[in-house]
Amino acid sequence: MQNNRKVGEAHETLAVLELEKMGYKILQKNFRCRIGEIDIIARHKGYLVFVEVKYRKNTKTGYAAEAVTWKKQQIISRVADYYIRTHCSQIPSCRFDVAALDGEYLTVYE
């Protein structure tokens, strides 16, 4: 039996390495507060970027990016708002990205 948290961590690490190659400056991984969690917080092209990492072993149950539901988007938005209020001196330009891993193929949706 595989440990889902360890699988998730491994794919988040892979996403971080690829994002860094793309010019993202990683500020924090797995930011948690009482509202929820954001997988990666980074700077890229002048934006503060909140990245959700999703992994699917295969596409039998759909693509990884499809798992970022409206409900999940609402949670990410609220956590991002909390992060900005507690970590930023002024409101930055923000972006929400998805790093979708289907098998070992990574697609980043800005």
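Just so we're clear, the structure is a prediction, and the values are computed from it rather than from any experiment.
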task: Could you give me the CA-CA distance, side-chain angles and deciding distance for K45 and E110, then say whether side chain to side chain contact (heavy atoms under 4.5 Å, CB included) is met?
output: CA-CA 11 Å; K45 298 179 181 175; E110 290 186 16; 3.9 Å; yes

query: Which is it for I41 and V51 under the side chain to side chain contact (heavy atoms under 4.5 Å, CB included) test, yes or no, and what are the steps along the way?
result: CA-CA 6 Å; I41 301 173; V51 183; over 6 Å; no

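If you take CG on L106 and CG on L19, they are separated by 7.0 Å, rounding to the nearest 0.5 Å. Atom CG in L101 sits 14.5 Å away from atom OH in Y63 (nearest 0.5 Å).
The heavy-atom pair separating I76 from I38 by the smallest distance is O-CD1, 3.7 Å. The shortest heavy-atom contact between G103 and Y55 is O-CE1, 3.2 Å.
Hydrophobic clustering places M22 together with V49 (ILVMFWY residues linked when any side-chain heavy atoms are closer than 4.5 Å, directly or through intermediates).
Side chains of V16 and K29 form a contact here, defined as non-hydrogen atoms less than 4.5 Å apart. At least one side-chain heavy atom of E104 sits under 4.5 Å from a side-chain heavy atom of L14. Residues I35 and V79 are in side-chain contact: their nearest non-hydrogen atoms beyond the backbone lie under 4.5 Å apart.
With sequence neighbours left out, the salt bridge (charged side-chain N to carboxylate O under 4.0 Å, His left out) criterion links K54 to E52. For K25, the side chain to side chain contact (heavy atoms under 4.5 Å, CB included) partners at least two apart in sequence or on another chain are L27, R43.
Within a 6.0 Å radius of OH in Y47, other residues, nucleotides and ligands contribute 12 heavy atoms or fewer.
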Tell me which donor-acceptor pairs under 3.5 Å the side chains of residues 86-99 have, and how far apart each pair is, sequence neighbours excluded?
unit_1	atom_1	unit_2	atom_2	d
T86	OG1	Y82	O	2.9
T86	OG1	Y83	O	3.3
H87	ND1	Y83	O	3.3
R95	NE	D97	OD1	2.9
R95	NE	D97	OD2	3.3
R95	NH2	Y24	OH	3.2
R95	NH2	H44	ND1	2.9
R95	NH2	D97	OD2	2.9
D97	OD2	Y24	OH	2.6

